Structures are given as C-alpha cells and as structure tokens.
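Just so we're clear, the structure is a prediction, and the values are computed from it rather than from any experiment.
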Amino acid sequence: MKVQRIAVLTGGGDAPGLNAVLRAVTRTAILQEGWEVLGIRHGFEGLLSNEEGDIIPLTWERVAGLLPRGGTILGAASHSNDQLFTIGEGGEVIVSEEAKQCVRDRLAALGVNALIIIGGDGTMTMGQQFYEAGIPLVGVPKTIDNDLPVTELTFGFDSALDEATDALDRLHTTAESHNRVMIVEVMGRNSGWIALHAGVAGSADVILIPEIPFTISKICEKIEERRQRGRNFSIIVVAEGAAPLEGAQLYKEYLGQVSLGGIGHWVGQQIAEQCGVQTRTVVLGHLQRGGSPSAFDRILATLFGASAVRLIAKGKFGYLTALQCGDIVSIPIKDAVGMQKKVPIDGKLVQTARGLGISFGA
Ligand code: F6P
C-alpha cells in the first residue's frame, strides 16, 4: 500500500508535549515522506462523529509555534462513550463492533492510509483492538504518571515533576515561617513516580507512595524527630494513590466520574490530631498537566513523533514507539498494554532517599 495521507489523534487526558508530537509528526510526514496529515479531534470519538469540524488538516503552517504549547490542539477525549467502548466484567475496555466499522469507513472516506494514536494505556488498549480489526495504526505513549512499563519515560512526566518541585520549593518558605506541616498531594494514579521524584528533588521530609503503605504514627515520629533538631516545620508529599497500611485508597466523584483524590486532606487532618501540629494541605491537581512542556519533554515528544512516522513508512503497524536504554525503539502495542509500572521499593532512588533521612511513613 502506498501511503499518501495519514491521520493523528490524541486520546485520554492531556499531557505537556502532545502538541510537540503533532508538530514532529506533521513536519516529518510532509518533509521526509511527502504525505498529507489530518488531525482528528477528541480522540477516536472524532472518527465516529461524522462532523466536518472534527477533521483538521495539519499543514506546516498549522503546526508552527506548537512546540512550547501545552494541552492538545486536537482536544482530549471524554471519559465514556458507549458508542465507542464498554467496560467488561474484569474492568477491561472493549471496543464495540459498530465503532470498528465506523472508524474503518471514516478513514476510508477521508482517504487516510494510516493512523497515529497518541495516548496512555486506555487509548493503546483500544488501538490494539482497532488494529486487530484491520486498521493500520501505530502508537505514541503518553502520560504524566510515567506508569507505562514499555517505556523508561513518557513525555509529560518531566514537566509535571518540574511543577511539583517548584510547588515544594515555594511551600518550604511558608511552612518554615509558620512552623507548619505542609502536605502536598500530587497525581500519578496507582504509581508513586511523581511523588518520589518531586519529593527527592524538592527536599521533602516524608514521601507517601502507593507502593509503600504508611502509618500516621511513623509520619509523626519523623515530624517529632525534626522538631527535636529545631526544625519546626515539615513537608510531606503524598501521591493521590497512596493509602494507609490499614485503609484503602480515597476517591472523589464529579458528576458520576470517579477518580483518585482526597488522601492529602485526610493525612493533614490525621497529623493535626495525632501530632498536635498545624497542618495545611495543597492539592496540585491539574496544574501538573497544564502549561508549557519542559525542554526534556519537548525533545522526547519530538523523537516519538518522528519515530511514529518512520514506523508507518516501514509498514510496522501495531507497534508503538518507546524509550529503552536511552534509545527510541518500537514494541508491539499488544505487549505494552494492561500493565502498570510501579516504583521499585528497593530501587536506587527509594534507597537513596531513605539514606538521606526521608521517611516513607513505614
Ligand atoms: O493519568 C493522568 C492523570 O492526570 C492522573 O494522574 C490522574 O489521576 C488523572 O489523570 C486525572 O484525570 P482527570 O483529568 O479526568 O481528572
């Protein structure tokens, strides 16, 4: 098959660097291969809608100036769409037969020979099912959580980390002025990568991650130990997925959508009651996903975008790009989905943090 026109979409939540991928895909496709590029709005949903406005020609001019821009000019996908997928009994995403047919027909009508999907585990899981249904596609992994085992790093993580580290630096000065314990809740789903890295980079006293269940008494011990050394303030980073040894993860609900959150306020309240100190909780939330990508994320996103175009040129459909041992490689999408990369609790960074006196509340 001779490729002449490709399409690209961004699925799931946004992450700094998505626009940098779109720019790299467009420029490489035009300059290296002589292809046309179409952008699909709102993930796979843009292919189901049949709305003209959901298809944006990505020209050289359209992607100019996109490198430093946060978010995604294609728009993120919504959480649920019964027409697109259902959730199986084991929690698995199942793409509907109707959606497979719709996407095939729409791509054919648009004259698109290959599709690039940029997204996290959910998008790749759907992508594998579309690929098995005969749609030629390749993937680019994305998440600020850095929890995809297939790649050493995802773009978005470094930018989120910078944001969290900056917040910790700022909170140090106010915590010290008021002799307070400041608790900072960060994102990361069921993995503690953002909390661990930000905690080390931002000089936290306690880091709470999902991989290490914590107790309030151990946290209080650390606060007390610092007080005895004349340090009357402490900084605690807590991952949104962290949970006490005898307890469960906390969730919040907005209009029927459930997501992790609330552990920061719970920890703050428990510490105030059990250690008798003043606490304040800051939930960083979507600040970690907004704004301009870091230089590192711009480069990684650019490498991934260009590599996705090369995968199509080689006919390597059903593969995604990944970073392994510092190199850009390609891996079958089916080997990359349905798993989460956890922080190794005996890994170098956890050990080093412990060696510096940082407590994990355990
Ligand atoms: O996966 C990225 C992430 O930002 C998680 O860290 C967080 O739990 C979730 O998305 C938040 O999703 P939403 O944008 O739907 O609130």
Side-chain angles (χ1 to χ4, degrees), residues 16 70 144-145 157-188 192-210 212-244 247 250 252 260-292 294-295 343 349-350 352-362:
I144 65 160
D145 304 330
F157 173 65
D158 187 65
S159 309
L161 189 55
D162 278 352
E163 185 66 30
T165 305
D166 182 52
L168 292 180
D169 288 348
R170 287 166 185 272
L171 291 169
H172 262 92
T173 56
T174 172
E176 187 166 14
S177 306
H178 285 268
N179 291 335
R180 280 175 175 156
V181 174
M182 301 292 300
I183 296 103
V184 188
E185 182 182 309
V186 297
M187 284 185 165
W193 296 102
I194 297 177
L196 173 63
H197 284 246
V200 172
S203 182
D205 306 297
V206 180
I207 301 173
L208 306 176
I209 57 176
I212 306 178
F214 63 87
T215 64
I216 297 295
S217 58
K218 280 284 175 197
I219 302 172
C220 289
E221 265 176 35
K222 182 71 199 173
I223 293 168
E224 186 50 35
E225 174 204 310
R226 282 176 55 77
R227 274 210 295 209
Q228 286 183 9
R229 282 188 288 112
R231 308 291 279 165
N232 289 323
F233 70 97
S234 291
I235 303 287
I236 300 176
V237 184
V238 52
E240 62 180 2
L250 294 183
K252 54 191 181 327
L260 284 165
I263 191 69
H265 285 289
W266 186 82
V267 167
Q269 199 172 346
Q270 296 299 314
I271 291 173
E273 283 168 16
Q274 295 187 35
C275 315
V277 290
Q278 253 199 29
T279 62
R280 292 289 187 273
T281 296
V282 175
V283 180
L284 280 193
H286 293 78
L287 281 174
Q288 294 157 97
R289 292 220 315 241
S292 190
S294 67
V343 169
L349 197 53
V350 173
T352 303
R354 285 192 200 280
L356 296 176
I358 297 173
S359 164
F360 286 85

Between atom [atom1] of [X] and atom [atom2] of [Y], what is the distance when rounded to the nearest 0.5 Å?
X	Y	atom1	atom2	result
Leu196	Leu349	CG	CG	4.0 Å
Phe157	Gln288	CZ	CD	10.5 Å
Leu171	Ile183	CG	CD1	10.5 Å
Leu284	Glu240	CG	CD	11.0 Å
Cys275	Ile219	SG	CD1	8.0 Å

Sequence neighbours excluded, which residues qualify as salt bridge (charged side-chain N to carboxylate O under 4.0 Å, His left out) partners of [X]?
X	value
Arg227	Glu224
Lys218	Glu221
Asp145	Arg189

_Less than 4.5 Å apart, side chain to side chain, heavy atoms only: is that true for Pro16 and Asp158?_
no
*Taking side chain as C-beta onward, heavy atoms only, is Val200 less than 4.5 Å from Ile207?*
yes
*Nearest heavy-atom pair of Ser294 and Ser159: which atoms, and what distance?*
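Here Ser294 and Ser159 meet closest at N-OG, 2.9 Å.
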All N/O donor-acceptor pairs, side-chain side in residues 265-274, below 3.5 Å, sequence neighbours left out:
| residue | atom | partner | partner atom | Å |
| --- | --- | --- | --- | --- |
| Gln270 | OE1 | Gln274 | NE2 | 3.2 |

*asked:* Restricting to side chain to side chain donor-acceptor pair (under 3.5 Å), what partner residues turn up for Ser292, sequence neighbours left out?
replied: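 Ser292 satisfies side chain to side chain donor-acceptor pair (under 3.5 Å) with Arg298 once adjacent residues are dropped.
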_Pairwise side-chain hydrogen bond (donor to acceptor under 3.5 Å, both in side chains) hits with a residue in residues 171-188, at least two apart_ = Arg180-Gln278
Which pairs of donor and acceptor atoms, one on a side chain in residues 230-238, lie under 3.5 Å apart (sequence neighbours left out)?
| residue | atom | partner | partner atom | Å |
| --- | --- | --- | --- | --- |
| Ser234 | OG | Arg226 | NE | 3.0 |

*Check for a donor-acceptor pair, side chain of Lys252 on one end and backbone N or O of Gly262 on the other, with a separation under 3.5 Å.*
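No, Lys252 side chain to Gly262 backbone: no donor-acceptor pair under 3.5 Å.
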*Please name all residues satisfying side chain to side chain contact (heavy atoms under 4.5 Å, CB included) with Thr352, sequence neighbours left out, ordered by chain then number.*
none
Sequence neighbours left out, cut at 3.5 Å: what donor-acceptor pairs do the side chains of residues 161-169 make with other protein atoms?
| residue | atom | partner | partner atom | Å |
| --- | --- | --- | --- | --- |
| Thr165 | OG1 | Leu161 | O | 2.7 |
| Asp166 | OD2 | Arg170 | NE | 3.1 |

*asked:* Taking ring-ring contact (aromatic ring centres under 6.0 Å, His included) as the definition, give me every residue that meets it alongside Phe214, ordered by chain and number, with sequence neighbours left out.
replied: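 For Phe214, no residue satisfies ring-ring contact (aromatic ring centres under 6.0 Å, His included) once neighbours in sequence are set aside.
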*Which residue pairs pass the salt bridge (charged side-chain N to carboxylate O under 4.0 Å, His left out) test with at least one member in residues 263-272, sequence neighbours excluded?*
none
_Identified side-chain contact (heavy atoms from CB on, under 4.5 Å) counterpart of Val186 within the set Ile209, Val283, Ile194_ =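 The side-chain contact (heavy atoms from CB on, under 4.5 Å) with Val186 is passed solely by Ile194 among Ile209, Val283, Ile194.
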*Before giving the answer on side chain to side chain contact (heavy atoms under 4.5 Å, CB included), spell out for Phe360 and Val206 the whole-Å C-alpha distance, their side-chain angles and the decisive distance to 0.1 Å.*
CA-CA 6 Å; Phe360 286 85; Val206 180; over 6 Å; no
